[in-house]
There are 2 protein chains.
Amino acid sequence: MPRPTGPPIGLTLARTAKSVSRAFDDALAAAGGSLPVWLIMISLKTRSLGNQRELADAIGIRGATLTHHLNAMEADGLVTRQRDPANRRIHQVALTQRGETLFGRLAAAATEHDRRLHADLSKEDIATLERLLHRLQSNVGSEVPEATAGSDA
Amino acid sequence: MPRPTGPPIGLTLARTAKSVSRAFDDALAAAGGSLPVWLIMISLKTRSLGNQRELADAIGIRGATLTHHLNAMEADGLVTRQRDPANRRIHQVALTQRGETLFGRLAAAATEHDRRLHADLSKEDIATLERLLHRLQSNVGSEVPEATAGSDA
DNA sequence: TATTGTTATACTCTATAACTATA
DNA sequence: TATAGTTATAGAGTATAACAATA
């Protein structure tokens with residue numbers, strides 16, 4: 001029983017993801033950020049999340065890991081954490097002006113990365129790719145993250 | 001100028017890759033391995049690589065990082081390193097019997113992961129996805145890794 | 001007691017720089 | 001000198017477990 005197929009799609013995806021993620025990391029680093037910082041910021045900007053647990057879930061990390069990043073971001077003056085008066089267990093995370101500025105730079109870097117990524121791909125190609133990626137994601141049993149439709153980069 | 005598009009494909013790819021890679025990592029870990037170990041083994045099995053530098057390049061890591069992994073793999077009895085008599089600077093890396101056994105287990109885990117990933121996708125879907133992923137990879141300027149066609153999982 | 005988040009600690013993967021061995 | 005690889009060290013991202021604060 002011959003197998004006309006190439007390497008397993010998981011391996012191709014892993015390799016592609018590694019290359020593309022690394023390029024994205026480099027682009028974000030050049031703009032003064034990193035992938036976790038970018039994911040945290042874009043989640044803060046485009047989703048309504050009640051607490052840090054939800055924020056961590058949206059990004060796919062644990063609460064303690066999020067605290068780790070928020071500590072660094074707060075030390076860098078990018079975010080503030082204030083207790084919610086209505087429920088003082090909850091820390092409300094907000095971007096500072098400096099955080100907003102960095103967000104703008106990272107958004108530009110992400111847009112440029114995306115432009116590069118699109119290159120020779122048609123709109124249909126992108127739509128197809130998006131659809132297939134979402135299906136892969138649901139196939140591994142993860143929740144498909146709420147699409148951040150309309151958000152820039 | 002409205003933007004009817006959803007989130008940038010780079011973000012979708014990053015999130016999908018994270019979910020899928022994590023699921024793959026978990027599957028490999030359950031089988032007693034890890035992604036780097038798997039990539040090293042499959043490269044040893046399916047490519048003809050002259051030295052460790054080429055092996056590192058094939059995987060997308062630096063030589064020192066490869067040494068780090070090979071040290072651990074050698075300590076675990078998975079590989080041997082022997083100097084090439086013709087050029088004693090070169091270390092020939094080979095899987096031990098135990099390495100072969102683990103390779104078999106990891107291949108099975110990878111195949112199962114792939115089966116899960118395919119789920120509701122047709123052959124055409126997979127071919128399309130593969131084509132698009134390769135184009136993404138070339139769009140970020142990386143060399144498209146030599147396809148390990150015919151290799152299982 | 002349950003929920004929210006932090007602190008302490010550690011692991012994995014990766015990298016750069018300095019080094020050894022060989023050619 | 002140039003090449004192949006290793007050692008030493010460090011940094012980023014992640015995780016678990018124990019803890020403190022609040023409800």
Side-chain angles (χ1 to χ4, degrees), chain A residues 14-15 17-19 21-30 32-41 44 49-76 78-94, chain B residues 14-15 17-19 21-26 28-30 32-41 44 49-76 79-94:
Chain A
R15 284 179 172 153
K18 189 173 209 168
S19 296
S21 295
R22 192 166 301 193
F24 192 31
D25 287 346
D26 291 347
L28 291 174
S34 68
L35 182 62
V37 165
W38 168 242
L39 291 177
I40 288 168
M41 284 185 163
L44 288 176
L49 299 165
N51 57 36
Q52 285 187 200
R53 181 59 158 280
E54 288 179 17
L55 178 54
D57 285 348
I59 298 168
I61 59 177
R62 297 311 179 95
T65 304
L66 176 60
T67 294
H68 169 81
H69 291 302
L70 290 178
N71 285 345
M73 292 173 74
E74 194 172 34
D76 288 344
L78 301 174
V79 298
T80 55
R81 279 181 284 192
Q82 295 186 338
R83 287 174 180 275
D84 182 342
N87 180 348
R88 291 181 46 77
R89 288 177 301 189
I90 293 178
H91 288 199
Q92 291 172 329
V93 181
Chain B
R15 284 179 172 153
K18 188 174 209 167
S19 297
S21 296
R22 191 165 302 192
F24 193 30
D25 288 345
D26 291 347
L28 293 173
S34 67
L35 182 61
V37 166
W38 169 241
L39 291 176
I40 288 168
M41 285 185 163
L44 288 176
L49 300 164
N51 57 35
Q52 287 188 198
R53 182 58 159 279
E54 289 179 17
L55 178 54
D57 285 347
I59 298 168
I61 58 177
R62 298 307 180 96
T65 305
L66 176 60
T67 294
H68 168 81
H69 292 301
L70 290 179
N71 285 346
M73 291 172 74
E74 193 172 34
D76 287 345
V79 299
T80 56
R81 279 182 285 192
Q82 295 187 337
R83 285 174 181 276
D84 182 341
N87 181 347
R88 291 182 44 76
R89 288 176 301 188
I90 293 177
H91 288 199
Q92 291 171 327
V93 181

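Throughout, protein chains are lettered first and strands after them, A, B, ... in sequence-line order, and every chain is numbered starting at 1. Atoms considered below: every heavy atom in the structure, side chains included; atoms not considered: hydrogens, waters and symmetry mates.
For A:Gln52, a side-chain nitrogen or oxygen approaches OP1 or OP2 of C:dT6 to under 4.0 Å. Distances shorter than 4.0 Å separate none of the side-chain N or O atoms of B:Asn71 from OP1 or OP2 on D:dG5. Phosphate proximity of C:dT6 to A:His91: present, with a side-chain N or O under 4.0 Å from OP1 or OP2.
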Can you give each donor-acceptor pair under 3.5 Å made by side-chain atoms of residues 57-70 of chain B, sequence neighbours left out, with the distance rounded to 0.1 Å?
residue	atom	partner	partner atom	Å
B:Thr67	OG1	B:Gly63	O	3.2

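Heavy-atom minimum distance, B:Arg81 versus B:Val93: CG-CG2, 3.9 Å.
Under the 4.5 Å side-chain criterion, counting only non-hydrogen atoms from C-beta, B:Lys18 is not in contact with A:Leu35. Residues A:Arg83 and A:His91 have side chains in contact (heavy-atom distance under 4.5 Å, counting atoms from C-beta outward).
Rounded to whole Å, atom C1' of C:dT6 lies 15 Å from atom CG of A:Leu55. The interatomic distance linking A:Asp25 (CG) with D:dG11 (P) rounds to 18 Å, in whole Å. Rounded to whole Å, the distance from CD on A:Glu54 to P on C:dG5 is 9 Å. In this structure, A:Ile59 places its CD1 atom 13 Å from C1' of D:dT14, rounding to the nearest Å. What separates CD of A:Gln82 from C1' of C:dG5 is a distance of 16 Å, to the nearest Å. In this structure, CG of A:Leu70 is placed 14 Å from C1' of C:dT7, rounded to the nearest angstrom.
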Per-nucleotide protein contact along nucleotides 10-23 of chain C, 5' to 3', at a 4.0 Å heavy-atom cut-off (B base, S sugar-phosphate only, - neither), is ---SBBBB----BS

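Every residue two or more places apart in sequence or in another chain that forms a side-chain contact (heavy atoms from CB on, under 4.5 Å) with B:Asn87 is listed here: B:Arg89, B:Ile90.
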Q: Mind running side chain to side chain contact (heavy atoms under 4.5 Å, CB included) on A:Leu78 and A:Met41 for me, showing each step along the way?
A: CA-CA 9 Å; A:Leu78 301 174; A:Met41 284 185 163; 4.3 Å; yes

